Amino acid sequence: GYYVDRTWLLQGPQLITSHLVVPFLIDTSPDYELSFDVKLSTISANWRHLVGLTATYLDCCSYGDRIPHIAIHPLSTALRVVVGGKDGDGNKMCPFRTPPLPIGFWNRVSVKVTGLYAITYINGTAISDACLLRPRDYHESVRVDIGGEVSSVEAVDSLGALLDNVSYSRLHCASCPTSACAQGYYRGPCRGYRDGTCQKCTALQNLSYPTYFTGSGSPEQNDCPYAACNMSSCEVGEYRKECGHDYPATCATCLNTIPAYSSFSGPADPPTNSTSCPYACWSGFYREPNSEACIPDGAVGGGQFGNIS
């Protein structure tokens, strides 16, 4: 199978009041989709810049490398969408002016560029006919600017808007991963924007005993094999750790400190709810009742008091 290669640039609502540079670079492709949610609260006297990608970080307007750039018109909430090509006349308005976005509401904006055409969508509706574009290139290590502008051609006001779910999708198909997932995981769906990443098998329901997963699941199937946790007692001086998501309940040395001249005399009881084991003083030693120390037989205050848990 194949999936569309998508990169999240910003997730979680964020109020953009100054120039924000996404803290990583991305590779772009000639065919792509830039999408985001935006909520505007004001109208400004000057241009405000939403999201922009440029191939050179130079004067975008002479090179034609706005790939793409989206801004808000002065004294309006209408958007201007510019899609650049390979040469200086490659900048195309797609469109120059959208219908105004309602203030105080979330709006989903997408610019989809395929072949020689671009279409802008607002809330799932194409707001203009496809515009004819110039040829475009692949670019590596491209910076993404939010709420700012590389070119100084136009006056710019603070964006002052909420943005969320900003993503850039390279609209070329990438092969789905086929390797097996780790123990306790299965490979999720791989189609559309879902890239087949490994997902955690969910806890088993309606079982009267604890379990752990012993292998990976089938693709798109939450069917990891499992086994019952071993709840039996361990050896002397050991307790049983609880099962984990993908590991069994193994035995480990008890954690309680015992006095000198003594040894563990049994396993933890119950085996999985305690990390302490009982102990007994060595032959010839007895527990001192006030300190629980093991003292030699016949010492002052000594006497046999048996095993200590």
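From a predicted model like this one, the values you see are computed outputs, not experimental measurements. In what follows, every heavy atom counts, from backbone to side chain, and hydrogens, waters and symmetry copies are set aside.
Counting only N and O atoms by type, the side chains of H19 and D145 include a donor and acceptor under 3.5 Å apart. T202 and N222 form a side-chain donor-acceptor contact under 3.5 Å, judged by distance and modelled atom types alone. A donor and an acceptor atom, one from each side chain of S262 and W282, are nowhere located under 3.5 Å apart.
A donor-acceptor pair under 3.5 Å is absent between the side-chain atoms of S169 and the main chain of R6, judged by distance alone. Panel note: side chain D164, backbone D37; no donor-acceptor pair is recorded below 3.5 Å. H49 contributes no side-chain N or O that, together with a main-chain N or O of H69, makes up a donor-acceptor pair within less than 3.5 Å. Q183 contributes no side-chain N or O that, together with a main-chain N or O of S216, makes up a donor-acceptor pair within less than 3.5 Å.
Applying the side chain to side chain contact (heavy atoms under 4.5 Å, CB included) test to S18 and every residue at least two apart in sequence or in another chain returns nothing.
Atom-to-atom distance recorded for D223:CG and Y186:OH is 9.5 Å, nearest 0.5 angstrom. Here the CG atom belonging to D27 is positioned 8.5 Å from the OG1 atom belonging to T7, to the nearest 0.5 angstrom. Atoms CG and CG, from L171 and D31 in turn, are 6.0 Å apart once rounded to the nearest 0.5 Å. Atom OG of residue S141 and atom CG of residue L25 lie 5.0 Å apart, to the nearest 0.5 angstrom.
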Show which side-chain atoms of residues 228-235 pair as donor or acceptor with protein atoms under 3.5 Å away, not counting sequence neighbours.
{"residue": "N230", "atom": "OD1", "partner": "S232", "partner atom": "N", "Å": "3.0"}
{"residue": "N230", "atom": "OD1", "partner": "S232", "partner atom": "OG", "Å": "2.6"}
{"residue": "S232", "atom": "OG", "partner": "R240", "partner atom": "NH2", "Å": "3.4"}

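Taking the six-membered ring where the residue is Trp, the centroids of Y212 and H245 are separated by 6.0 Å or more. The aromatic ring centres of Y261 and F285 sit less than 6.0 Å apart.
Of all the heavy atoms in C131 and M93, the pair that sits closest is SG-O, 4.2 Å. Closest heavy-atom contact between P177 and D195: CD-O, 3.4 Å. Across A268 and C277, no two heavy atoms sit closer than the pair N-SG, 3.4 Å.
Relative ring orientation between Y32 and Y168 is described as parallel, the plane-to-plane angle staying below 30° on a 0-90° scale split at 30° and 60°.
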Verdict with supporting geometry, V111 and I70, side chain to side chain contact (heavy atoms under 4.5 Å, CB included): CA-CA 9 Å; V111 179; I70 304 172; 3.6 Å; yes
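Between R187 and E220 there is no salt bridge, since no side-chain nitrogen of the basic residue lies less than 4.0 Å from a carboxylate oxygen of the acidic one.
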